[in-house]
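First up is the structure itself, then whatever we jot down about it.
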2 protein chains.
Amino acid sequence: MANMSSARTAASSKGKQRTGAILKAAERVLVRHGYHNFTMRAVAAAAQVSVGNLQYYYPTKNSLTKALLEHVALDYTRRLDGPRLHATPEPSEQLRLFLSDMLGDLNRERTTRLFPEIWALANHSRFAAKLTEEMYEVIRPVLARIIHAINPRLSAERVRLLSQFIVASLEGHTIFIGHGKPWIGETRTFAQMAYSAFMRLICEDEADRSGS
Amino acid sequence: MANMSSARTAASSKGKQRTGAILKAAERVLVRHGYHNFTMRAVAAAAQVSVGNLQYYYPTKNSLTKALLEHVALDYTRRLDGPRLHATPEPSEQLRLFLSDMLGDLNRERTTRLFPEIWALANHSRFAAKLTEEMYEVIRPVLARIIHAINPRLSAERVRLLSQFIVASLEGHTIFIGHGKPWIGETRTFAQMAYSAFMRLICEDEADRSGS
DNA sequence: CCGAATTTAGGTCAATCGTACTAGATATTG
DNA sequence: CAATATCTAGTACGATTGACCTAAATTCGG
C-alpha cells in the first residue's frame, strides 16, 4: 500500500547504489530543467544508465516521480528535525536559530529551485500535495515546541496557528533569496526581522490581541 | 524589442477578441493542468479554435507563454495598485487593508494555482524571472509608501528591505491558504497576525534593533 | 464591389515522449 | 558448479508534441 507503483525494492547492495544514483540524477534534472523537461531519457542520461535499466528500478515515470518526492521530503525533514536546536536551552535563542536555519536553507540552490517545482506539482497531483503537507506537518511541531517554551500561556490551538503562520511566512522567501535570486545577501537582515516580528506575536497574550 | 516572438499584432477588433479568448483559455489550461500539460493543442481546444488559428496569433509556444505571463502580470499589478488604499487616510489602517487584501487574494483559485507555476517557470526562464521581478517591483513601492507614512523616521533603504520582507512573507501563504488548501478559513487570523507582527517591525526604530 | 489584408481550418512532418519487450551479463546461493 | 535471482542494455512501437505549410473563407478600405 505504501509503495504502489515502484515495483523493484532494490534488493542487492548494487541495486541500492543504483537507485541512489538515479534519485540523485533525477533531482538534478528536476532542479536544473524543471518538471516539464523531466523525462525518463533525461534522468537515465544524467544517471549514466540506460533507459531500460532505469525502468527496471522505476517502471513508470510516475513511480520515479513519487520516489523522488519521497526522497526529497525525507531528506528535508531529517535536516530540520536535527538536534541542533537542543544545543541551547534558551527558548528565544532556539527560535532565532530556527529562523536563521530555515532562511539560510533557502540559499541552497537545491531548496531554491526544488520547492517551487514541488509546489506546482502539488497543485495537480494529490500524491505530491499529501507529501508536501506531511513535510510541513513535521516542521510545524518543531516550531510549536519552541513557541510553547517561550510563552506557555498560549493555547495549543494558538500555538498551532502561530507555527503555521511563521512557517508559511518563511517559505515565501524561497522565491526571493537563494541561488541567483535578487535578494540574496540580505538573508541575515531578514532573519533579524523575522525574529523581531514573530517574537512579538508569540509573546502577545490574549488580552493584547483584542485591542488594535 | 518588447514583443520579440509574438508575430501578430491582432489588428482588428475580432482579432483582439480572439487573442483575449485565447489568453483566457491558456490561463485556464495552465491553472488546471500545469505547465507540463500546457500544449498548443490543449490551449486551442480550450479556446475552441483550431491549432492553425492559434498559431496565427502565437506562432510558437514560447510566444504564447510570454504573452500569457505578461497578461497575468499586468492583471495582477493593476489589481493591487488600485485606488482602494487611498480611501482611508490613516496609514496603519492602510497597512491592515493591504495585508488583508493580499492574503485574501490568495484565496482565489487563480492566484493559488497560477503563482507556484510562475515561480517554477521563473527558475528556468529568464523571461519569466524578469517578469516576476517586475511584478513584485510594482507591489513593493505601494507597501513602501504605507510604511513610510507610518514611520517617517525609517531610512529609504530600511523601508525597501521591510517592504520586501513583508511581501515575501505574505507570498509564502500562497501554498497553504486558498482553493482546496488545508488552511483556508484561517485567512482572517493570519491577516491579524501579519498586522501585529509587521506593525512592530515598522514602528521599531534604529535604537531598538541593536539590542535583543 | 473588388482586391488586398486578415482570419480560419486542416493536414503533414520530424522529433520526442512513455512504455513494453527481449536477450544477454552479472551476482547470489545451495 | 549449477541454477536461480538480479541486473543491464538495446530496440521498437504507438501516441503526442511543436512547428510548418497550404488553401479557403472572411473582412475591410478604396
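In what follows, every chain begins at residue 1, and chains take the letters A, B, ... in the order their sequences are listed.
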Round to the nearest Å and state the distance from B/Ile22 atom CD1 to C/dA9 atom P. 11 Å

Between A/Tyr56 and D/dC7, is there a side-chain N or O to OP1/OP2 distance below 4.0 Å? yes

Go through residues 25-38 of chain B and report each residue with a non-hydrogen atom lying under 4.0 Å from DNA chain D, sorted by number. B/Phe38

Would you kindly give the CG-to-C1' distance between B/Leu54 and C/dA9, to the nearest whole Å? 13 Å

Less than 4.0 angstrom between a side-chain N/O of A/Tyr57 and OP1 or OP2 of D/dT8, yes or no? yes

Hey, can you tell me if B/Tyr136 and B/Phe115 have their rings parallel, tilted or perpendicular (30° and 60° cut-offs)? perpendicular

Measure centre to centre between the rings of A/Phe165 and B/His173, then say whether the value is under 6.0 Å. yes

Closest of C/dT19, C/dA9, D/dT17 to the B/Arg18 side chain is C/dA9

Is it the case that more than 12 heavy atoms not belonging to A/Glu157 sit under 6.0 Å from its CD atom? yes

What contact category does B/Val51 fall into here, base, sugar-phosphate, or nothing, at under 4.0 angstrom with non-hydrogen atoms? nothing

Taking the minimum atom-to-atom distance to the side chain of A/Thr60, which one of C/dT19, D/dA19, C/dA9 wins? C/dT19

Closest nucleotide among D/dA9, C/dC13, C/dG18 to the B/Arg41 side chain: C/dC13

Toward the 5' end of DNA chain C, by each residue's nearest nucleotide, A/Gly52 or A/Met40: A/Met40

Indicate, with a heavy-atom threshold strictly under 4.0 Å, whether B/Thr39 touches base, sugar-phosphate, or nothing. sugar-phosphate

Can you confirm whether B/Arg188 is buried at CZ, in the sense that more than 12 heavy atoms of other residues, nucleotides or ligands lie under 6.0 Å from that atom? no

Between OH of B/Tyr58 and P of D/dC20 the distance, given in whole Å, is 18 Å

C/dT7 phosphate, OP1 or OP2, under 4.0 Å from B/Asn53 side-chain N/O: no

If you check every side-chain atom of A/Gln55, which of D/dA19, C/dT8, C/dT19 has the closest atom? C/dT19

Does this structure show an ion pair linking A/Glu133 with A/Lys130, if we count only N-O contacts that are shorter than 4.0 Å? no

Take atom CZ in B/Arg32; do more than 12 heavy atoms of anything else shown fall under 6.0 Å from it? no

Flag the pair B/Asp75 and B/Arg110 as a salt bridge only when some basic side-chain nitrogen lies within less than 4.0 angstrom of an acidic carboxylate oxygen. yes

Rounded to the nearest Å, what distance is computed from the CG atom of residue B/Leu64 to the P atom of nucleotide D/dA19? 10 Å

